[in-house]
Amino acid sequence: MGALVSAFWLLKSEPDVYGLDELERAGEGVWEGVRNYQARNFMRAMRTGDLFLFYHSNAKPSGVAGVGRIVREAYPDPFQFDPKSKYYDPASLASDPRWSAVNVGFVERFPRVISLEELKAHPGLVGMAVVQKGTRLSVTPVSAEHFERVVAMGRFGG
DNA sequence: GCCAACGTTGGC
DNA sequence: GCCAACGTTGGC
């Protein structure tokens with residue numbers, strides 16, 4: 001049941017805000033603050049045990065730093081109801097929360113970050129959302145093939 | 001810090 | 001429902 005990996009994802013975060021280092025230290029964390037409907041819908045489709053590529057955006061270099069796992073499926077993001085939070089959404093109703101969060105766990109850190117440049121240059125990753133021009137979505141599905149390929153690059157350099 | 005890309009909002 | 005204005009993302 002929950003042990004089966006059903007899907008793969010890529011999640012973007014700015015490491016200055018929330019990075020793989022922090023997830024590794026804590027072991028588990030909350031993926032919150034997503035305020036885009038498409039990304040939210042993907043989050044709601046996540047299942048416990050799904051694996052994801054942890055992508056560092058606005059970093060030097062930007063790229064995939066490692067792997068995480070979904071440990072709790074989507075639930076209402078508490079920050080949408082907190083007027084003091086930058087993620088506060090006054091239009092979201094408690095009876096029908098607009099935004100979701102998931103909990104994530106640490107799986108592995110690659111020996112090196114696979115930069116966006118490398119991802120773009122790899123012929124086996126054509127079509128992956130993160131390498132497509134103009135794709136800013138912070139949550140995207142990844143095919144099993146692409147996921148395995150990036151993990152292989154991260155572990156073995158290529 | 002700049003700016004292209006693109007999502008959202010709101011006037012009409 | 002159109003679309004201009006505005007805001008955000010994120011590479012560079």
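Small disclaimer: the values here were computed from a predicted structure and weren't measured. Per chain, numbering begins at 1; letters A, B, ... match sequence-line order.
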- Could you check whether the rings of A:F42 and A:W9 sit parallel, tilted or perpendicular, using 30° and 60° as the cut-offs? tilted

- List the atom of A:P97, the atom of A:R44, and the distance in Å for their closest heavy-atom pair. O-NH2, 3.5 Å

- Task: Return yes if a side-chain donor-acceptor contact under 3.5 Å exists between A:N103 and A:Y75, otherwise no.
- Result: yes

- Query: CG/A:L119 to CE/A:M153 distance, rounded to the nearest 0.5 angstrom?
  - Reply: 5.5 Å

- Message: Within residues 34-42 of chain A, which residues have any heavy atom lying less than 4.0 Å from an atom of DNA chain C?
- Response: none

- Query: Contact class for A:K60 (heavy atom, under 4.0 Å): base, sugar-phosphate, or nothing?
  - Reply: nothing

- Note on the structure: DNA chain B: first to last nucleotide in contact with chain A (atom under 4.0 angstrom from a heavy atom), 5' to 3', is B:dA5 to B:dT8

- Message: Closest-nucleotide mapping onto DNA chain B: is A:T135 or A:N58 further toward the 5' terminus? I mean the 5' end.
- Response: A:N58

- Quick one: sort the A:F54 and A:H56 rings into parallel, tilted or perpendicular, breaks at 30° and 60°. perpendicular

- Task: Please find out if less than 6.0 Å separates the ring center of A:W99 from that of A:F81.
- Result: no

- Task: Mark yes when over 12 heavy atoms from residues, nucleotides or ligands other than A:E117 sit less than 6.0 Å from its CD; otherwise mark no.
- Result: no

- Query: Does the side chain of A:S57 come under 3.5 Å of the side chain of A:E14 through a donor N or O and an acceptor N or O?
  - Reply: no

